[in-house]
Amino acid sequence: MFKKLLAVLIGLVLGYWLIDDFNPESVKGKRVLVTGASTGIGEQIAYHYAKLGANVVITARREKRLQEVVAKCREYGSGNQVFGYVPADMLQLNNTEHVIKEAVELLGGLDIIVLNHIILLDLGVWTGSQHNVSLVDKVTKVNYQSYVYLASYALPHLEKSKGSIIVVSSLAGKLGQPFVSIYSGSKFALDGFFGGLRQELLLRNCDISVTTCVLGLIGTDNAIGQLRDFGQTFLLAFVKAESPSDTALAIIKAGARRVRQMYYPLIPVYPMTLFRDWFPETCEYFNRIVYTLNS
Ligand code: NDP
């Protein structure tokens, strides 16, 4: 009896995670803002939305790259889709209101915001140096505060459209990671704020979904370059980096299905987050095993 119950339970859980009930039509015509879309996962998210028939505005700092990404979106999309860009540095928090205003103007409203940008950091040991301390303000502003500001300015528009907030986060936001402690901290902060916001929205019957995406290693040029520069050859050989394009599509699907949290790749990311509180030392041990300290 117990075995049958367990089998049904496992079947239900696997079914929930693995059945792909994504309807591409649900994204067609949507008005989407993607941040950090000049490269990496954000760039791929923009291309997938373009292929799926959405209207897309992208933002990041490098205008030339944004123009190139928009040109490619136009190739992937059709003539009646809107594509645009807003160059902005998220270190300057007053740019966040401008980004939302511009996106709303270009798109005629807002259905989905994908918060994805991060400040590029070298991996390193946190010794409490002056350099370490100088990063705190920058990382907090770009990786955390700007997300809260952008979501806040977008809320009235998303409330009107019964829209979605998609927050791109990391396993590092669930389980502290060595050599990126300050990045880990900023991702934990996102989990706290958006977890609270999600529940407030439900409590006040406001039909805006909040999807947090918990990602493992994804093979973007920046992520792989940072690991290589810090001599993490064992990790790079041991852990499979997922494709940025597949990851981008998984993020879009999770947002369209309005799930509260997605894990990519499901294994090992989901079990790591599950076991984190039950077996913290074992989890941290397995986590540490793939890192090497060369410096
Ligand atoms: P990338 O480093 O490839 O891209 C980061 C993007 O952010 C770029 O478009 C960059 O553009 C933009 N950006 C950087 N600084 C600023 C700034 N000050 N203001 C505005 N935009 C800025 O990142 P990934 O694609 O690798 O990661 C995307 C998301 O996925 C992040 O949230 C990350 O935490 C998450 N993630 C990634 C993993 C991975 O292994 N790749 C693992 C787990 C999570 P520009 O320089 O033009 O401003």
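Just follow the structure's listing: the first ligand is 1, and inside any ligand the first atom is 1.
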Engineer: Could an N or O of ligand 1 be found under 3.5 Å from any N or O of His117, whether backbone or side chain?
Structural biologist: no
Engineer: What part of Ser38 sits under 4.0 Å from ligand 1 if we count only heavy atoms: the side chain, the backbone, both or neither?
Structural biologist: both
Engineer: Using a 4.0 Å heavy-atom cut-off, which part of Thr39 comes near ligand 1: side chain, backbone, both, or neither?
Structural biologist: both
Engineer: For residues Ser184 and Leu175, report the shortest heavy-atom separation together with the two atoms involved.
Structural biologist: OG-O, 4.1 Å
Engineer: Heavy-atom distances under 4.0 Å are what count here, so tell me which part of Glu43 touches ligand 1: side chain, backbone, both or neither.
Structural biologist: neither
Engineer: Looking at Ala37, which atoms of ligand 1 are within less than 4.0 Å of one of its heavy atoms?
Structural biologist: 9 (O)
Engineer: Listing request: all ring pair (Phe, Tyr, Trp, His ring centres under 6.0 Å) pairs with a residue in residues 101-143, at least two apart in sequence or in separate chains.
Structural biologist: His117-Tyr147
Engineer: Heavy-atom distances under 4.0 Å decide this one: backbone, side chain, both or neither, for Ser169 against ligand 1?
Structural biologist: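 Near ligand 1, Ser169 shows its backbone, while the atoms from C-beta on stay back.
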Engineer: Gly255 and Thr211: which non-hydrogen atoms are nearest, and at how many Å?
Structural biologist: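 Smallest heavy-atom distance, with atoms named: CA-OG1, 4.0 Å.
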Engineer: With a cutoff of 4.0 Å, is Ala241 in contact with ligand 1, counting heavy atoms of the residue only?
Structural biologist: no
Engineer: Polar-atom distance check: Val142 versus ligand 1, any N or O pair below 3.5 Å?
Structural biologist: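 Between Val142 and ligand 1, no N or O pair is found under 3.5 Å apart.
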Engineer: Is it true that Ala88 lies under 4.0 Å from ligand 1, counting heavy atoms only?
Structural biologist: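 Within the 4.0 Å threshold, so yes.
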Engineer: What do you reckon, does Tyr147 put a non-hydrogen atom under 4.0 Å from ligand 1?
Structural biologist: yes
Engineer: Side chains of residues 36-45: which donor-acceptor pairs under 3.5 Å do they make with residues two or more places apart or in other chains?
Structural biologist:
residue: Ser38; atom: OG; partner: Arg62; partner atom: NH2; Å: 3.3
residue: Glu43; atom: OE1; partner: Arg65; partner atom: NH2; Å: 3.1
residue: Glu43; atom: OE2; partner: Tyr47; partner atom: OH; Å: 2.6
residue: Glu43; atom: OE2; partner: Arg65; partner atom: NH2; Å: 3.2

